[in-house]
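Position 1 is the first residue of the sequence; numbering continues from there. All ligand and atom numbering here is 1-based and tracks the order in the structure.
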Amino acid sequence: MDEYKITYRSYEEEELPEKYRRLVEAARKASERSYAPYSRFRVGAACLLRDGGIVQGCNQESPVFPAGICAERNALFTACSGYVGQVILAVAVWAAEGDTPAANASPCGICRQTFLDTEERQQAPIEVIFRWNGKYMVFASAKELLPFSFRFNFPK
Ligand code: THU
C-alpha cells in the first residue's frame, strides 16, 4: 500500500502567531459581510499580499444556488483582478453559523484548486490557515490540501 503524507502546523487559539492572527481577524470581519440567507453559513476569507496589503472576500449566495460564490474565491479573484502582479502569500478562512463561530472552516475543493492554480501561476506557495475543531491549521502551500490535483496541458 502506498501512502500520501500531508504536512501542516496546528495551534491552539492562544498560540497562533500574530501574523496569522491578524489575517484570521480580517477573515472574521469579512464574514460579517457575507450574504448567506439560504445556508446561513457565513464565510469570510482574507488574502495577504506581498506588499502587506490584505484583500477580503465573503460568500455571496443566489436563489440560483450554483451562481453564488465562496468567500475564498471571492477574496482570491478580487486580489487577482485588483492587484495584478502582486504575489499572494497567504489566505485565512473563517466561518460562522449564524453568530456562532464554526468549528471547521476548511476550503472546498474548487477553492483549493483555484489557490493551487494561482500558486503555479505566481510560482510561489500560498499558506492556508483555517479553524479545525477549535484549533488553527496552517498549511505551507495549497498543494498540501489537494493531492492528485487536476492538471491539464492546454493545446498550443
Ligand atoms: N462556502 C464558502 O464560502 N467556502 C467554502 O469553502 C465552502 C462553502 C459557502 C458557500 C455557501 O454560500 C455556503 O458556504 C454553504 O455551502
Side-chain angles (χ1 to χ4, degrees), residues 4-13 16-17 19-49 53-83 86-122 124-152:
Y4 190 102
K5 192 171 156 204
I6 294 177
T7 51
Y8 57 89
R9 290 180 201 285
S10 72
Y11 298 93
E12 297 295 340
E13 185 136 14
L16 187 69
K19 64 169 178 170
Y20 300 131
R21 191 182 297 275
R22 221 179 111 237
L23 205 57
V24 168
E25 176 55 17
R28 191 193 64 73
K29 274 250 179 277
S31 75
E32 292 175 354
R33 302 194 288 269
S34 144
Y35 178 67
Y38 306 104
S39 72
R40 303 201 186 281
F41 195 62
R42 300 161 67 82
V43 190
C47 293
L48 175 67
L49 308 182
I54 289 178
V55 179
Q56 294 162 297
C58 52
N59 59 329
Q60 298 291 318
E61 296 184 350
S62 160
V64 183
F65 287 166
I69 188 156
C70 292
E72 296 90 323
R73 270 173 298 143
N74 196 347
L76 180 67
F77 294 150
T78 300
C80 291
S81 53
Y83 302 85
Q86 269 276 342
V87 170
I88 297 165
L89 297 179
V91 59
V93 190
W94 177 272
E97 291 168 56
D99 290 330
T100 313
N104 298 312
S106 72
C108 79
I110 297 179
C111 291
R112 292 176 194 208
Q113 180 75 45
T114 55
F115 292 136
L116 186 59
D117 297 339
T118 308
E119 279 188 349
E120 295 196 347
R121 187 144 64 108
Q122 67 181 16
I126 300 176
E127 286 184 289
V128 183
I129 303 107
F130 57 81
R131 259 163 71 95
W132 187 257
N133 294 339
K135 285 193 173 185
Y136 287 93
M137 315 287 271
V138 178
F139 295 82
S141 161
K143 223 185 296 177
E144 296 291 335
L145 284 165
L146 203 60
F148 306 105
S149 60
F150 176 74
R151 266 146 220 270
F152 181 66

Regarding [X] and [Y], does a basic nitrogen lie under 4.0 Å from an acidic carboxylate oxygen?
X      : Y      : result
Arg28  : Glu25  : yes
Arg112 : Glu72  : no
Glu12  : Lys135 : yes

*Would you check if the distance from the ring center of Tyr20 to the ring center of Tyr136 is below 6.0 Å?*
no
*asked:* Just to verify, what does Phe77 make a ring-ring contact (aromatic ring centres under 6.0 Å, His included) with, not counting sequence neighbours?
replied: none
_Restricting to non-hydrogen atoms, name the atom on Val128 and the atom on Phe130 that form the minimum distance, rounded to 0.1 Å._
CG1-CD2, 4.0 Å
*Output the set of protein residues with a heavy-atom contact under 4.0 Å to ligand 1, ordered first by chain identifier and then by residue number.*
Ser39, Phe41, Val43, Asn59, Glu61, Cys70, Ala71, Glu72, Ser106, Pro107, Cys108
